[in-house]
Amino acid sequence: MGKRIKKGIIASPGIKIGKAIVFHGDEVKIPKYHIGEEQLLDEISRFEEAVAKTVKEITEIQEKITNESFGDLAEIFSTHLMAVEDPIFTARVRKKIQKEKRNSEWIINDITIKFISTLSKIEDEYLRERIIDISDINKRLIGNLQKNKKMNLSDINENSIIFTSDLTPSETALLNREYTLAFVTDHGGKTSHTAIMARAMDIPAIVGMGDITSCVRSGDLVIVDAIHGEVIINPSKDEIDEYTKYQKDIQEIENELAQLTNLPSKTLDNTEILIYGNIEISDEMNTIKSHGAHGIGLFRSEFLFLDKSLPSEESQFNKYKQVAEFFAPQIVTIRTLDYGGDKIHGVMRAPREMNPFLGCRSIRFSLKNQDLFKTQLRAILRASIIGNIKIMYPMISTLEELLEAKKITYSLMEEFDRAGIGYDKNIEMGIMVEVPSAVIAGDILAEHVDFFSVGTNDLVQYILAVDRANETVADLYNPLNISVLRLLKNISDIASYHSKPISICGEIAGDPKYTMMLIGFGFREFSMNSKNMYQVKKIIRSVTVEECEFFAKSILEMKHTKDIENAIAENTKKRFPEIII
Ligand code: PEP
Ligand code: MG
């Protein structure tokens, strides 16, 4: 039997068997030695070769990212290139080697430390954030000077299961999908954006496994069971056979479910439930469409801001146009920039905050950075004549925020009118319901919106005061807490009373275990990643609204989360034994 570790949070479901590659943080050993007079020229050549190799590597990564349609991310590495090739830096290293007769790693590291210490004293947050770039380049350059070079995530060139302490959303976007079978991290939660990216990219992942990186060694054979949240290290032959069969069974169920693509998404009593896609990167468009989605319910536009420079109006316009055109006449709901929390740092000159999830996040950031907000709105408005676009403002917590966001949008429309620029004059504007105050004041907000979309990932964290990305409190982050369920029912009732469409786009919308309950609460529009669409549709097609309402009512009468969990689990087991997640 292999060593079994069971304590992870399933970020993206699936089963993979393969070789582990462990990334132990980024610590790099710096060799320090003196060089004899006769070796000085060789040492300088060694440094020059490492620079050339580093430049080649960065260029290759850039090309690869561009070819994989992640062109928006490629610019991240331009600044790295500029720094490595900087003639002042290279001349300084050469001179120091000759004068001080020390090895290249030692000298480069000294220069870097000095530079970082100067940068860290600077007030400007943006410049201080460049420290991470400088140390990145330092590591890469020193790695290339050493024979046993440390690997980077993007260097992987054979099928591997990645074990690492943590991944940022942008690191996840940069993973080499061709070779990354799965990934497992020490940290992270189910609704962290890293987990969301993994699902979007269809890479099985388990997060929040504590100290998994110290239990696995590179080269170990591992089974990642991201159905039960387990990792099996060096499995026995029987275990490999068992899991290989399991993989096949899952594939068969998925093939069977795929038959549902073109069948209507209607309950047995003929109520249509619309299934939309959540999109982070334009790559996902094809899969979402091929899964029979009704359009895009949530376009997380912040993933266009991963770059080290801000996307121009033109580049945003092209992206929005591309997606709108692709789905027309279906709806594409573009959420304006949701900056902050665990997402998108570096590009904006925002100060670091003690509580980023409670800070200048999302619409608050856009309203404080109106040039940036207007650039985005202009791009969206211009694209709106091409397809069927809706604008969605994220994290609205007060009426004033909503009115301000709308005012800015209307002022741009007036500018467009004066300049004769075309846009959809009837473009709908709605809000994400992600904070309890938006539910509590839902009736007031309803008068000013065309639609609501409930973002449960944040709503749960704000109702329960539990950081969605923090694995140490992950057991407290539970969408089945009665307070959460009551607010979901409340906002659904408010929307219905005010005849405003309401969708649900948090991760629970794509969890088939919750489908009956959510239909019972009154939701008729669900937005999710493509992975779960078939399973959700299968449930929709097997139930009546009446039985869902009955089930939801029984749930709302419960007090204990455990009872609710059991009721949902039992119902799923009884009605849909084939559901795999
Ligand atoms: C949400 O909060 O539920 C949501 C859909 O937005 P995000 O996950 O991008 O914060
Ligand atoms: Mg959110």
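FYI, the numbering just counts along the sequence from 1. Counting starts at 1 for both ligands and their atoms, following the listed order.
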Exercise. How about H560: does its NE2 atom have over 12 heavy atoms from other parts shown lying under 6.0 Å from it?
Worked result: no
Seminar exercise, completed: Filtering V433, V454, N457 for the heavy atom nearest atom 4 (C) of ligand 1 leaves N457
Exercise. T375 versus Q316: any side-chain heavy-atom pair under 4.5 Å?
Worked result: yes
Exercise. Quick one: does F521's side chain get under 4.5 Å of L485's, heavy atoms only?
Worked result: yes
Problem set entry | Atoms of ligand 1 close to R468 [distance to a heavy atom under 4.0 angstrom, numbered from 1] | 2 (O), 7 (P), 8 (O), 10 (O)
For this session: Decide yes or no on side chain to side chain donor-acceptor pair (under 3.5 Å) for D458 and Q461, but give the supporting numbers first.
Result: CA-CA 5 Å; D458 277 311; Q461 86 164 341; 2.8 Å; yes
Exercise. Is the Mg ion (ligand 2) less than 2.8 Å from an N/O/S atom of D458, whether that atom is in the backbone or a side chain?
Worked result: yes
For this session: Determine, using ring centers only, whether F299 and Y320 are less than 6.0 Å apart.
Result: yes
Problem set entry | Cation-aromatic face contact K390/F451, 6.0 Å, 45 degrees | yes
For this session: Could you list the atoms of ligand 1 found under 4.0 angstrom from a heavy atom of G455?
Result: 1 (C), 2 (O), 3 (O)
Exercise. Counting only N and O atoms by type, is there a donor-acceptor contact under 3.5 Å from the side chain of S384 to the main-chain atoms of Y423?
Worked result: no
For this session: Check whether any heavy atom of R361 sits under 4.0 Å from an atom of ligand 1.
Result: yes
Seminar exercise, completed: So the atoms of ligand 1 within less than 4.0 Å of a heavy atom of G506 turn out to be 3 (O)
Problem set entry | M432: numbered ligand 1 atoms lying under 4.0 Å from its heavy atoms | 4 (C), 5 (C)
Exercise. Atoms of ligand 1 less than 4.0 Å from R300 heavy atoms?
Worked result: 4 (C), 5 (C), 6 (O), 7 (P), 8 (O), 9 (O)
For this session: Provide the atom name of the closest N, O or S atom of E434 relative to the Mg ion (ligand 2).
Result: OE2
Problem set entry | Donor-acceptor pair, side chain of S496 and main chain of S492, under 3.5 angstrom | no
Problem set entry | Contact check, side chains of R335 and E302, non-hydrogen atoms, under 4.5 Å | yes
For this session: Would you kindly specify which portion of E280 sits under 4.0 Å from ligand 1, judged on non-hydrogen atoms: side chain, backbone, both or neither?
Result: neither
Problem set entry | Atom indices of ligand 1, in the order listed, that fall short of 4.0 Å to a heavy atom of D338 | 10 (O)
Seminar exercise, completed: Ranking R335, M395, E434 by closest non-hydrogen atom to atom 2 (O) of ligand 1, top hit is E434
Exercise. Counting heavy atoms only, which part of L298 comes closer than 4.0 Å to ligand 1: side chain, backbone, both or neither?
Worked result: side chain
Problem set entry | Part of E507 with heavy atoms under 4.0 Å of ligand 1, whether side chain, backbone, both or neither | neither
